[in-house]
Protein chains: 2
Amino acid sequence: MLQNKLRTVIVDDHPIVIEGLKNLLKNESNIELIGGFQNGADIMLYLESGKVDLILLDITLPDVNGMDLCLKIKKKYRSTIVLILSNRTERSIVVQTIQNGASGYLLKNSSLDELRRCIAEAVNGSICYSKEVTEILSRPSRNELLAAPRLTKREKQILELIAQGKTSQAIGEELFLSPLTIDTHRKNLLQKFQVKNVAELIMSANQQNLF
Amino acid sequence: MLQNKLRTVIVDDHPIVIEGLKNLLKNESNIELIGGFQNGADIMLYLESGKVDLILLDITLPDVNGMDLCLKIKKKYRSTIVLILSNRTERSIVVQTIQNGASGYLLKNSSLDELRRCIAEAVNGSICYSKEVTEILSRPSRNELLAAPRLTKREKQILELIAQGKTSQAIGEELFLSPLTIDTHRKNLLQKFQVKNVAELIMSANQQNLF
DNA sequence: TTTTTTCTACTGGTTTTTAGGTATTTTTCG
DNA sequence: CGAAAAATACCTAAAAACCAGTAGAAAAAA
């Protein structure tokens with residue numbers, strides 16, 4: 001395991017961060033830096049051609065959400081390790097990314113030591129958080145006791161349209177579906193979020209950073 | 001002016017960013033990198049002893065606000081050039097920092113070219129923004145466009161209860177008012193926010209940080 | 001103290017959502 | 001392939017929200 005260097009890429013929309021990480025990691029004996037990408041599309045494209053062992057991934061990207069991207073990567077390339085490196089401190093985001101298969105979550109103000117430690121643990125198969133993230137996770141916001149529901153693609157899409165104030169009728173027309181179908185999705189959304197009506201639904205979705 | 005290198009420091013709470021900038025700037029002929037600081041107190045302390053020509057300053061710092069820090073620095077060390085390098089895209093923040101004496105504002109996803117150009121212009125005495133920032137400044141803040149509606153006390157209170165998923169019936173009982181009265185307030189809220197239903201109402205209120 | 005705003009409440013009618021369900025087809029995944 | 005999950009669509013009926021008005025009382029501002 002150690003004889004082979006980890007083929008590593010960095011995905012971050014800030015070139016400065018990419019440069020910084022490259023610099024920080026270039027002297028690591030077990031890491032071979034392959035490159036940096038500034039958006040989700042580029043890294044997905046690259047993954048098709050080259051083997052990658054480790055991805056350092058930001059949450060905030062210009063084209064896709066880092067959480068979704070993580071899931072997409074893990075689905076297609078199971079063995080690739082994804083470590084999240086982000087500024088976002090919302091508990092819901094941390095939990096979501098881990099559910100989506102990430103092997104760890106670090107804040108960008110982590111030290112090199114922490115990064116090193118997390119990479120080592122991730123390679124080992126365990127999940128690792130930077131100090132501050134551990135703290136975020138340890139104080140259970142009572143909001144999160146109701147675990148963030150896993151939504152299907154359709155549900156996310158319809159939730160989005162509901163948030164825009166559209167009626168089931170209008171959504172049905174937009175998606176070429178029966179309004180009755182939209183009603184069913186609506187019902188399922190309310191159930192998944194454990195709320196009684198759209199007002200609560202939108203509040204809850206907002207608190208969980210779904211928009 | 002050009003014979004003397006610019007004595008430059010970086011202030012950013014993310015060590016990774018500091019590393020990245022150092023790396024990006026180390027080959028610049030007119031820049032002498034002195035060091036990086038992770039908070040406001042450290043840089044203020046340093047300034048007392050050493051001369052600094054250029055400060056690359058982040059807005060988000062652990063101890064003080066970058067805008068305030070900028071003002072403090074400019075008051076005490078008039079000739080020191082402060083360039084803001086931040087992720088924050090709020091128009092109000094950009095305007096405020098410039099008013100506080102900063103010589104420019106760049107987003108962290110700026111290219112090295114942009115950074116180089118801005119440093120040159122700042123030395124020249126003019127104010128320089130990265131491309132995206134220019135755009136932010138040119139489009140009238142959406143706060144100005146969708147003026148946040150002025151809500152009465154009652155309306156705020158009822159909005160709050162609506163967001164909790166309560167029906168007009170329930171709200172009426174809670175406030176000892178007729179449900180018909182609540183309906184009127186509801187109607188007025190929709191009108192003030194210029195939306196069609198609660199879904200949009202809650203979204204809008206959330207975007208305006210009313211909760 | 002006028003004037004204006006806010007708060008209150010109503011009428012009457014329409015549209016939309018919500019709450020129980022059931023049930024078939026299509027996708028996805030092991 | 002077969003099973004599970006997701007997406008589709010329907011029924012009935014009640015509840016709630018939305019629309020378009022009017023209007024008096026209370027409070028705040030001019």
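Convention: sequence-line order gives letters A, B, ...; per-chain numbering from 1. Only heavy atoms go into these numbers, but all of them, side chains included; no hydrogens, no water, no symmetry mates.
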(Q) What verdict does the salt bridge (charged side-chain N to carboxylate O under 4.0 Å, His left out) test give for A:Asp53 and A:Lys5, after you've listed the backbone C-alpha separation in whole Å, the side-chain angles of each residue and the deciding distance to 0.1 Å? (A) CA-CA 9 Å; A:Asp53 299 312; A:Lys5 284 193 172 190; over 6 Å; no
(Q) Rounded to whole Å, how long is the line connecting atom NZ of A:Lys76 with atom P of C:dC29? (A) 13 Å
Q | Euclidean distance, atom CD of residue B:Gln194 to atom C1' of D:dC18 [Å, nearest integer] | A | 17 Å
Q. Does B:Thr181 put a side-chain nitrogen or oxygen below 4.0 Å from OP1 or OP2 of C:dA9?
A. yes
Q: Report yes if a side-chain nitrogen or oxygen of B:His185 is closer than 4.0 Å to either non-bridging phosphate oxygen (OP1 or OP2) of C:dT8; otherwise report no.
A: yes
Q.
A:Val11 and side chain to side chain contact (heavy atoms under 4.5 Å, CB included): which single residue from A:Val82, A:Ile55, A:Ile73, A:Asn39 fits?
A. A:Ile55
(Q) Checking contacts here: which listed nucleotide (C:dT18, D:dC10, C:dC10) is nearest the side-chain heavy atoms of B:Leu180? (A) C:dC10
Q: Starting from C1' on D:dA16, measure out to CD on B:Glu173 and report it in whole angstrom.
A: 14 Å
Q.
Both B:Ser178 and A:Gln169 contact DNA chain C. Taking the nearest nucleotide for each, which residue is further toward the 5' end?
A. B:Ser178
Q: Measure from CG on B:Asn188 to P on D:dA17 and round the result to the nearest Å.
A: 16 Å
Q) Think A:Thr167 has a side-chain N or O under 4.0 angstrom from the OP1 or OP2 of C:dT15? A) no
Q) Please walk me through it: do B:Leu177 and B:Ile171 pass side-chain contact (heavy atoms from CB on, under 4.5 Å)? A) CA-CA 8 Å; B:Leu177 293 173; B:Ile171 296 172; over 6 Å; no
(Q) If you compare every side-chain N and O of A:Lys75 against the phosphate oxygens of C:dC29 (OP1, OP2), does one of them come in below 4.0 Å? (A) yes
Q: Indicate, with a heavy-atom threshold strictly under 4.0 Å, whether A:Lys153 touches base, sugar-phosphate, or nothing.
A: sugar-phosphate
Q: Remember a base hit wins even if backbone is also touched, and classify B:Asn197 as base, sugar-phosphate or nothing at under 4.0 Å, heavy atoms.
A: sugar-phosphate
Q | Name of the residue among B:Lys192, B:His185, B:Arg150 meeting side-chain hydrogen bond (donor to acceptor under 3.5 Å, both in side chains) with B:Glu155 | A | B:Lys192
Q: Provide, to the nearest angstrom, the distance between the CZ atom belonging to B:Arg186 and the C1' atom belonging to C:dT15.
A: 15 Å
Q.
Testing the basics here: between A:Ser130 and A:Cys118, what is the closest heavy-atom pair and its distance to 0.1 Å?
A. N-SG, 4.4 Å
Q. Taking the side chain of B:Lys187 as its heavy atoms from C-beta onward, which of D:dA17, D:dA20, C:dT18 lies nearest to it?
A. D:dA20
Q | Candidate nucleotides C:dA9, D:dT8, D:dA17, ranked by approach to the side chain of B:Leu177 - the nearest | A | C:dA9
Q) Which whole-number value in Å describes the distance from B:Lys196 NZ to C:dT14 C1'? A) 17 Å
Q: Would you kindly check whether a donor in the side chain of B:Thr184 faces an acceptor in the base of C:dC7, or vice versa, at under 3.5 angstrom?
A: no
Q: Starting from P on C:dT28, measure out to CZ on A:Arg150 and report it in whole angstrom.
A: 18 Å
Q: Indicate whether OP1 or OP2 belonging to D:dA6 is found under 4.0 Å from a side-chain N or O atom of A:Arg154.
A: no
Q.
In this structure, how many angstroms lie between the P atom of D:dT8 and the CD1 atom of A:Ile171, rounded?
A. 12 Å
